[in-house]
Structure formats: structure tokens, C-alpha cells
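Encoded as C-alpha cells, the structure appears first; notes follow it.
In what follows, residues are counted from 1 in the order of the sequence shown.
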Amino acid sequence: MKLLKIRPLEELVLSKAPIVTHDMFGVHDVSATPLPTTIAGLLGNLLGITYNDDGIGGLERLASKFKEMGCGKPVIIGPLIYFEKLCNEPYVQIGNVLVPSSRIRGVVDVYGREVFYVGIDTNSQIVKFVRGSRVGIKLKRGYKDEIMKVVSRGFIYKYFTSRYITLDEEKSLMPTIVYIINCKVNDMKGIARVGGESRVALIEISDFGEDLGNLGKIVSILQADKGYYVALSPIPILPKPEALNTLLLTNDTAELGFVGEVIGIPPLIKDNVGIEKVKKGDLQPRKRIERLNLGFSETLKKRRPQILSLPPGTIIRIESIEHENVGALLKLLWSIGFASLLKLL
């Protein structure tokens with residue numbers, strides 16, 4: 001096991017939906033942290049992995065290459081996010097804010113059930129995730145007989161960057177994003193592209209220190225015991241063929257693996273009045289499902305398919321650990337790094 005630290009040198013473009021252009025309709029969107037496929041691609045690039053398959057087949061080939069190079073399952077676990085100028089604790093994404101992990105708290109409601117909330121009694125350590133707007137152009141090489149690059153006619157597009165600001169003063173911050181990688185690799189340090197639009201970050205791979213601290217609390221769903229967890233990376237949802245037209249999310253309509261119950265994204269609470277509302281059930285967690293793009297293959301210059309997922313910050317309860325009941329595609333996504341969790345109870 002090694003630590004992978006990513007320190008952005010500029011605002012990254014961490015797309016979870018494709019950038020749209022004059023020939024593609026849609027809405028571009030970015031996430032607060034890199035997708036597991038982005039980190040898997042980064043690690044594959046550092047290890048010199050190449051392959052020729054596309055789509056899900058490409059992910060299968062990448063997972064196979066990781067196995068050939070001595071990587072275990074899952075290859076990647078995380079992330080935990082650090083803002084060193086604010087707090088020594090790791091941060092967890094909850095909706096559009098990032099909070100120290102200790103702010104996620106559980107209480108027993110009036111019905112005797114475990115319920116969760118996020119305490120934000122002070123704003124000084126709360127970070128807000130926002131989207132910065134940029135305009136891009138496509139360049140092509142060659143103008144008449146020259147080899148210089150020129151702008152492609154009619155090809156201009158808008159895209160977003162991932163930004164982090166303090167909630168109270170709206171000051172910009174740069175995070176350190178930390179992953180556990182389950183590979184036998186040499187220590188290294190350098191600059192590499194992370195995400196889209198050729199944005200770069202400082203990359204460092206190193207050994208663990210003596211004290212694992214909060215890193216010892218994060219696991220893949222492949223390693224999880226029964227209990228309550230908060231998602232650090234998206235949790236894939238694969239609708240079953242016989243239930244494609246239903247809007248009800250259960251294990252009968254979608255393949256969720258070990259997820260016994262989806263609690264949702266916990267509410268943000270500022271005072272004791274809010275806590276009482278949580279206990280009475282007046283403030284409920286929000287259940288969200290997102291359409292998630294599995295990324296762009298730099299090797300093949302092709303975009304991977306999209307899936308449905310529960311976003312980071314979703315609290316789940318795991319009640320059964322039966323690997324034989326999990327489909328091959330879901331296991332593949334888990335092995336790459338999807339469904340990384342932080343243990344709550």
C-alpha cells in the first residue's frame with residue numbers, strides 16, 4: 001500500500017459530464033474530487049500501461065493490467081481531502097460543501113433509529129465547492145502552408161473548473177487530495193496532468209507514516225463490514241433490465257451490491273434547534289442519483305459510457321456481505337475505486 005497525494009497547481013477540470021460543443025448538446029459539470037477512473041488513468045500512465053480496448057472493455061483491460069503489475073483489489077481507495085490552512089482533519093464532501101469528517105454526527109431519533117446530520121455551528125472551517133467558468137477554443141495545426149496552430153472555425157465552448165472557497169470569507173483554497181493505492185510502485189514526485197483541459201498537479205507517491213490516523217477508517221465496499229458509512233467516491237447504480245422504467249430505487253429494481261439501505265445526504269445543522277428537528281424527522285436526508293460520465297480515455301481519444309450513481313456524501317447502511325450475489329460489472333467498478341467509504345458506526 002502507498003499514499004498518492006495530489007496538489008493542484010491550478011483549478012482542475014474534473015468533469016462528471018462531458019464538455020459540450022457546437023456538435024454536442026448537454027450541460028457540462030464538474031465534481032469536487034477526481035473520479036476513480038481519472039485516478040486509475042493517472043496511475044496507469046505513471047506505470048506505463050497501454051491498451052487498445054474501448055468503453056467498459058477498456059476498463060476491464062486496465063484492471064487486468066493492474067493485476068499483472070501486482071496491484072490488489074481495489075486498486076484505489078479514497079479520497080480524503082485536506083485544507084492545511086484551515087484544519088488538520090480530513091474533509092469529506094457533503095453536497096456542495098466540504099466539512100471536517102468529525103462534523104458528521106449521529107443521534108437516535110424519537111423512533112429509536114440512528115439518524116445523521118452535519119454540524120456547522122461555526123463556518124470558519126467549512127469549505128464551499130463552486131464552479132469556475134472558462135471559455136475554450138479548439139486549435140488545429142496548419143494554416144495554408146504553415147505548421148502553426150490556428151483556431152478551428154466555429155469551435156468555441158464553455159467549460160467549468162473545480163474551485164474551493166471558505167464559506168465565511170469566500171477566500172480561494174487549494175486542496176491536497178489523498179488516496180491509498182494498492183500497488184507495488186516506487187516512490188515518485190513530479191507534475192502530471194489530472195482531469196481535462198491539460199490542467200496539472202503536483203503528484204507524490206510515498207509510504208505510509210507510522211500513524212494511519214483517519215486513513216485507517218477508509219475502506220472499499222469490497223472490504224467493508226456491516227454498519228453505516230459515508231461515500232467518499234460515487235457508488236455505482238446499475239438498473240436491472242426488467243426494471244428500466246421504474247423510478248423506485250431498491251435492490252429489486254437496481255443492482256446496489258452490498259448496500260442494504262440508502263440513507264442519503266445528511267442535512268446541515270447550525271444549532272440545537274436543528275438537532276431536535278432531525279430527531280423528530282422534520283429534517284430528512286436527501287437522496288440523490290446522478291448521471292456519471294466514466295471519463296475520457298487519453299489512450300484511445302474516446303469517451304467512456306455513462307452510468308447512474310449515488311454521489312459522494314451519501315450515507316449508506318451495509319447489512320449483507322455476499323460476493324456471489326454481485327455482478328461482474330459492479331465488481332469491476334468497485335475494483336477500480338468506486339464506492340470508497342468512511343466508517344461512521
Side-chain angles (χ1 to χ4, degrees), residues 3-21 26-46 76-86 90-99 127-138 157-167 170-181 188-205 231-234 290-299 301 303-304 306 309 311-313 336-338 340:
L3 278 185
L4 169 63
K5 295 181 181 180
I6 300 173
R7 297 184 176 93
L9 299 178
E10 54 187 335
E11 292 178 8
L12 300 180
V13 181
L14 304 175
S15 299
K16 60 181 181 182
I19 293 175
V20 296
T21 63
V27 178
H28 180 232
D29 199 9
V30 290
S31 59
T33 56
L35 296 180
T37 46
T38 299
I39 302 304
L42 169 65
L43 183 59
N45 182 44
L46 294 175
I76 300 157
I77 310 173
L80 289 177
I81 309 156
Y82 290 85
F83 296 96
E84 296 165 357
K85 294 183 178 180
L86 291 183
Y91 278 66
V92 176
Q93 182 184 356
I94 304 291
N96 284 331
V97 298
L98 296 101
V99 301
V127 176
K128 186 177 181 181
F129 166 64
V130 295
R131 295 158 179 82
S133 180
R134 299 287 187 274
V135 174
I137 56 175
K138 180 182 178 182
Y157 56 91
K158 179 180 179 180
Y159 65 94
F160 295 110
T161 60
S162 300
R163 293 187 59 207
Y164 315 86
I165 60 174
T166 55
L167 190 61
E170 297 192 352
K171 292 182 178 179
S172 293
L173 299 166
M174 279 295 182
T176 298
I177 306 170
V178 179
Y179 292 85
I180 297 173
I181 54 175
M188 62 179 72
K189 189 173 184 179
I191 294 175
R193 287 194 299 171
V194 178
E197 298 299 298
S198 297
R199 299 298 174 111
V200 296
L202 179 64
I203 306 299
E204 182 179 358
I205 296 177
L232 301 178
S233 64
E290 295 184 343
R291 185 174 294 277
L292 186 70
N293 172 43
L294 289 178
F296 183 83
S297 171
E298 289 284 352
T299 303
K301 305 302 180 186
R303 191 164 296 283
R304 301 188 185 104
Q306 296 184 12
S309 69
I336 291 174
F338 283 93
S340 290

Decide yes or no for [X] and [Y]: does some side-chain heavy atom of the first lie under 4.5 Å from some side-chain heavy atom of the second?
{"X": "Tyr179", "Y": "Ser340", "value": "no"}
{"X": "Val178", "Y": "Pro90", "value": "no"}
{"X": "Glu10", "Y": "Val200", "value": "yes"}
{"X": "Ser133", "Y": "Phe160", "value": "yes"}
{"X": "Leu202", "Y": "Lys189", "value": "yes"}
{"X": "Leu4", "Y": "Leu43", "value": "no"}
{"X": "Ile39", "Y": "Ile6", "value": "yes"}
{"X": "Ile177", "Y": "Val194", "value": "no"}

inquiry  = Which label fits Phe129 and Tyr164: parallel for a plane angle under 30°, tilted from 30 to 60°, or perpendicular past 60°?
reply    = tilted

For [Y], does its backbone N or O pair with a side-chain atom of [X] as donor and acceptor, under 3.5 Å?
{"X": "Arg131", "Y": "Asp29", "result": "no"}
{"X": "Ser309", "Y": "Pro311", "result": "no"}
{"X": "Gln93", "Y": "Leu232", "result": "no"}
{"X": "Thr33", "Y": "Pro79", "result": "no"}

Indicate the atoms forming the closest heavy-atom contact of [X] with [Y], along with that distance.
{"X": "Ala40", "Y": "Ile76", "answer": "N-CD1, 3.4 Å"}
{"X": "Ile336", "Y": "Pro36", "answer": "CG2-O, 4.1 Å"}
{"X": "Leu14", "Y": "Ala32", "answer": "CD1-O, 3.9 Å"}
{"X": "Thr161", "Y": "Val30", "answer": "O-CG2, 3.8 Å"}
{"X": "Ser172", "Y": "Arg163", "answer": "OG-NH2, 3.1 Å"}
{"X": "Ser162", "Y": "Ser31", "answer": "OG-O, 2.7 Å"}

Distance (rounded to the nearest 0.5 Å) between [X] [atom1] and [Y] [atom2]:
{"X": "Met188", "Y": "Ile205", "atom1": "CE", "atom2": "CD1", "value": "4.5 Å"}
{"X": "Ile203", "Y": "Leu42", "atom1": "CD1", "atom2": "CG", "value": "5.0 Å"}
{"X": "Glu11", "Y": "Met174", "atom1": "CD", "atom2": "CE", "value": "5.5 Å"}
{"X": "Ile165", "Y": "Leu98", "atom1": "CD1", "atom2": "CG", "value": "11.0 Å"}
{"X": "Leu86", "Y": "Thr166", "atom1": "CG", "atom2": "OG1", "value": "7.0 Å"}
{"X": "Thr37", "Y": "Leu292", "atom1": "OG1", "atom2": "CG", "value": "7.0 Å"}

inquiry  = Taking Arg134 first and then Glu197, would you say they form a salt bridge - that is, a charged N and a carboxylate O separated by under 4.0 Å?
reply    = no

